[in-house]
Amino acid sequence: QVELVESGGGLVQAGGSLRLSCAGSGRTFGTTTMGWFRQAPGKEREFVARISWIGGTTYYADSVKGRFTISRDNAKNTLYLQMNSLKPEDTAVYYCAARQGGSWSYWGQGTQVTVSS
């Protein structure tokens with residue numbers, strides 16, 4: 001069982017930066033692939049980035065590649081998403097998720113990111 005709580009969202013101007021955090025609990029956190037997703041109003045939830053539990057291999061959606069960086073600190077059971085050069089189209093609720101058994105099994109409650117133009 002993994003419980004996830006996101007924080008760090010807010011309102012920022014276009015071109016600005018935010019860092020999201022996701023605090024995890026549960027003894028499996030350090031051995032779980034973690035990811036970030038987002039959902040904009042009226043749109044489906046979409047993948048943003050993921051990071052493997054060992055080796056830190058990362059993968060990004062094309063829309064955020066070069067601007068966002070996913071990282072994790074297993075000692076602190078925390079996942080991060082550094083977001084730079086933010087655009088209005090990045091406005092969404094951002095969710096962290098943990099992968100288990102081949103699917104994204106655990107989700108946080110989400111944190112709102114709003115980018116003004």
Side-chain angles (χ1 to χ4, degrees):
Q1 183 77 17
V2 177
E3 296 182 356
L4 305 169
V5 179
E6 302 96 336
S7 62
L11 173 64
V12 63
Q13 289 188 333
S17 299
L18 280 175
R19 188 176 81 154
L20 305 183
S21 299
C22 173
S25 62
R27 55 190 178 92
T28 61
F29 181 91
T31 60
T32 304
T33 293
M34 301 293 296
W36 287 98
F37 292 75
R38 66 186 182 186
Q39 187 167 19
K43 295 187 177 181
E44 294 187 353
R45 188 174 300 187
E46 66 174 0
F47 167 80
V48 174
R50 71 169 186 259
I51 185 167
S52 65
W53 72 274
I54 188 169
T57 302
T58 58
Y59 184 78
Y60 297 91
D62 288 342
S63 58
V64 306
K65 200 173 295 182
R67 300 188 298 123
F68 290 12
T69 302
I70 188 172
S71 62
R72 66 191 296 167
D73 185 337
N74 289 338
K76 295 182 178 180
N77 277 8
T78 303
L79 177 73
Y80 302 100
L81 184 67
Q82 178 66 45
M83 306 186 294
N84 299 329
S85 302
L86 283 161
K87 305 175 181 179
E89 50 264 44
D90 294 319
T91 295
V93 177
Y94 283 71
Y95 300 88
C96 66
R99 192 169 180 87
Q100 193 168 77
S103 64
W104 295 101
S105 301
Y106 303 101
W107 295 85
Q109 84 289 349
T111 186
Q112 176 71 46
V113 172
T114 303
V115 184
S116 63
S117 57

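Numbers here simply count residues along the sequence, with the first being 1.
- Listed by chain and number, the residues in a salt bridge (Lys or Arg N to Asp or Glu O under 4.0 Å) with Glu46 are Arg38 (sequence neighbours excluded).
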Show which side-chain atoms of residues 14-23 pair as donor or acceptor with protein atoms under 3.5 Å away, not counting sequence neighbours.
residue: Ser17; atom: OG; partner: Asn84; partner atom: OD1; Å: 2.9

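- Legend: residues meeting side-chain hydrogen bond (donor to acceptor under 3.5 Å, both in side chains) with Ser105, ordered by chain and number and at least two apart, are Ser103.
- In this structure, Phe37 shares a hydrophobic cluster with Phe47, Tyr59, Val93, Tyr95, Trp104, Trp107, the cluster being traced through Ile, Leu, Val, Met, Phe, Trp and Tyr side chains under 4.5 angstrom apart.
- Scanning all heavy atoms of the two residues, the minimum distance from Val113 to Gly9 falls at CG2-CA, 4.1 Å.
- By the 4.5 Å heavy-atom criterion applied to side chains, Asp73 and Tyr80 are counted as neighbours.
- Thr57 places no side-chain N or O within donor-acceptor distance of the main-chain N or O of Ser52, the cut-off being under 3.5 Å.
- In this structure, Trp36 and Ile70 have side chains that are in contact, with non-hydrogen atoms separated by less than 4.5 Å.
- To the nearest 0.5 Å, the span separating OG1 on Thr32 from CZ on Arg72 amounts to 7.0 Å.
- Residue pairs that meet the disulfide bond (SG atoms under 2.5 Å apart) test with at least one member in residues 56-90, sequence neighbours left out, do not exist here.
- Here the shortest heavy-atom pairing between Ala98 and Val2 reads CB-CG1, 4.3 Å.
- Not counting sequence neighbours, the partners of Arg67 by the salt bridge (Lys or Arg N to Asp or Glu O under 4.0 Å) test are Asp90.
- Pairs of residues two or more places apart, or lying in two chains, that qualify as salt bridge (Lys or Arg N to Asp or Glu O under 4.0 Å) and include a residue from residues 56-65 are Asp62-Lys65.
- The shortest distance between side-chain heavy atoms of Val48 and Leu81 falls below 4.5 Å.
- By the side chain to side chain contact (heavy atoms under 4.5 Å, CB included) test, Gln109 pairs with Val5, Glu6, sequence neighbours left out.
- Pairing each heavy atom of Leu79 with each of Gly35, the nearest pair is CD2-O, 3.8 Å.
- Evaluation of the salt bridge (Lys or Arg N to Asp or Glu O under 4.0 Å) rule for Lys43 yields no partner, not counting sequence neighbours.
- Although no hydrogens or angles enter the test, the distance criterion places a donor-acceptor pair under 3.5 Å between the side chain of Thr78 and the main chain of Lys76.
- Residue pairs meeting the disulfide bond (SG atoms under 2.5 Å apart) criterion with at least one partner in residues 35-78, sequence neighbours excluded, do not occur; the list is empty.
- The side-chain hydrogen bond (donor to acceptor under 3.5 Å, both in side chains) test applied to Gln112 returns Thr114, not counting sequence neighbours.
- Taking Thr58 as the reference, nothing meets the side-chain hydrogen bond (donor to acceptor under 3.5 Å, both in side chains) condition, with sequence neighbours excluded.
- Residues Gln82 and Phe68 are not in side-chain contact: their nearest non-hydrogen atoms beyond the backbone lie 4.5 Å or more apart.
- Between the side chain of Asn74 and the main chain of Asn77, no donor-acceptor pair closer than 3.5 Å is present.
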